[in-house]
Number of protein chains: 2
Amino acid sequence: MTSGAGARPGVGRPGLTTERIVEAAAAVADREGLHGVSMRRVGRELGVEAMSLYHHVAGKDALLDALGDWLMQRVERPPVDAGWRAGMRARCASLREVMREHPWGPAIVESRRAPGMALLGHLEAVLECLHRGGFPVQLAAHAFSVLDAYVYGFVLTEQSLPFEPGGGVDELADELALPADDFPRMAALIEQAIVGRSYDYGDEFEYGLELVLDGLESRLAAAGPGAR
Amino acid sequence: MTSGAGARPGVGRPGLTTERIVEAAAAVADREGLHGVSMRRVGRELGVEAMSLYHHVAGKDALLDALGDWLMQRVERPPVDAGWRAGMRARCASLREVMREHPWGPAIVESRRAPGMALLGHLEAVLECLHRGGFPVQLAAHAFSVLDAYVYGFVLTEQSLPFEPGGGVDELADELALPADDFPRMAALIEQAIVGRSYDYGDEFEYGLELVLDGLESRLAAAGPGAR
DNA sequence: ACCTGAACACCGTTCAAGT
DNA sequence: ACCTGAACACCGTTCAAGT
């Protein structure tokens, strides 16, 4: 009675669950890109036919929704004990880090409409942190909007860079081989700012983030310390 | 001799060119999303078999590269006579407008690696505008990075919003029906900032853009008027 | 209840064949 | 030179059938 007689115990096959399916989808996406996430491919990842997945997931769209929320679970919420600035810095860094580890992140955020529980919970934590930092509701909305736009946009543009993230930009100068006569400013940029020094586009992230945070801080000060 | 004897003149069918193919692809994307852009579908749009396209385009990847550059051609460059701030404001607005007209824009920017001529030309014009505004090379790179990240990110997040862009957020409150006990800050935000007033998330764009521009202006001032 | 095989209408791309 | 038909190895999804 503890374990059905007719059922193959099969310890090797834990049985299909929505969670296991989403994790398999993430593994496939990590390895082969979002492009490679197909029902058949995810099924194979689990040693199962594609059609079996339909008993646990409504369809591919629902699977992608779940995958988006799986990603959002990995993003750290702002620490409760830190101030708003440190909190935002930490959660923006985590958001970027997650998107870096899973390069299919921006694409899935972009293609989805239905926000999952992880996203909502994260958003709530962000708003709570800003509230504690003294942000009026309206300003908190502004802050959230501009910060999210910046982080997602940075990751997006970083990924579409024509050179490898880690490597220098010397490749770019070679690969592109853009005529300096037609593009004098770009040539100057590449020469002065990049060649020679070890340039990492990733360093731009902190610069822009601090710029945005500075902007928010001055807006907060202008709103007045009493404007709670 | 002027026109071959055996060739069907066929005024109705201008003959396939790369340009016509890219335009057809854009039309399909506008109508059915980037998802709907398939070689077969684009072929049908032109009254031609899918395989004919391969005589003018190397493959689907090359077609998408060309489609990305087609999009970038539509983005207005900063006016030469305006100052850097007005110039950046104008080109950021245009970039956003183009992405709004063609919602598949961010997706294609994200998925492509090879920058086309339109993108390079646009980038050059932006750098030129900043240079004239007195931006040192390094600061121009920062400016470009943070502005692009902001605009792309804003469009991306705007599109993944769970409510219709034009409409209010009343739908959200209904559709989501999130329990106010679990999400007090979000509930407060929706209630205070949105319900009642006619809230348009699009208004956030200008707010954030000005915040970023303010940040750049103060960085520029700190670099010193003589730091050319 | 859960899994599956066959089937349907799609994909991108190759290749030999037509004009 | 340019276009095409058939073919190959893929898609998501439905549905009737198995256990």
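All values derive from a computational prediction rather than experimental measurement. Values reported hereafter were calculated over all heavy atoms of this structure, with side chains retained and with hydrogens, waters and symmetry mates removed. Proteins come first, then strands; the chains are lettered A, B, ... in the order of their sequence lines, and each starts at number 1.
Judged purely by atom type and a 3.5 angstrom limit, A:Thr157 uses its side chain to pair as donor or acceptor with the backbone of A:Gly153.
Per the geometry, CZ belonging to A:Arg44 stands 11 Å off P belonging to D:dG12, to the nearest Å. For the pair A:His35 NE2 and D:dC10 C1', the interatomic distance rounds to 10 Å; values are reported in whole Å. In this structure, the CE atom of A:Met39 is 16 Å from the C1' atom of C:dC10, given to the nearest Å. To the nearest angstrom, P of C:dT4 lies 11 Å from CG of A:Leu46.
Using the six-membered ring where Trp is involved, B:Tyr207 and A:His142 have ring planes that are parallel, under 30° apart on the 30 and 60° scheme. Between B:His102 and B:Trp70, the ring planes are perpendicular. Angles over 60° get that label, and only those under 30° would be called parallel.
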Between the protein and nucleotides 5-8 of chain C, list the N/O to N/O atom pairs that are separated by less than 3.5 angstrom.
none

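Between B:Arg96 and B:Glu158, at least one side-chain nitrogen of the basic residue sits less than 4.0 Å from a carboxylate oxygen of the acidic one, meeting the salt-bridge criterion. The pair A:Arg31-A:Glu45 meets the salt-bridge criterion, with a side-chain N (NZ, NE, NH1 or NH2) lying under 4.0 Å from an Asp/Glu carboxylate O. Comment: B:Arg185 does not engage A:Glu124 in a salt bridge, judged by the lack of any side-chain N to carboxylate O separation of less than 4.0 angstrom. A salt bridge links B:Arg41 with B:Glu32: at least one charged nitrogen is closer than 4.0 Å to a carboxylate oxygen.
Under the 4.5 Å side-chain criterion, counting only non-hydrogen atoms from C-beta, A:Tyr150 is not in contact with A:Cys92. In this structure the side chain of A:Met39 reaches within 4.5 angstrom of the side chain of A:Leu63, judged on heavy atoms.
Of the residues in residues 53-65 of chain A, A:Tyr54, A:Gly59, A:Lys60 come within less than 4.0 Å of DNA chain D through at least one heavy atom, sorted by number.
Taking a pair as Watson-Crick or G-U wobble with both distances under 3.5 Å, the runs of three or more consecutive pairs in DNA chain D are C:4-8 with D:12-16, C:12-16 with D:4-8.
Heavy atoms of A:Ser52 sit under 4.0 angstrom from at least one base atom.
For the residue pair A:His122 and A:Arg91, a side-chain donor N or O sits within less than 3.5 Å of a side-chain acceptor on the partner.
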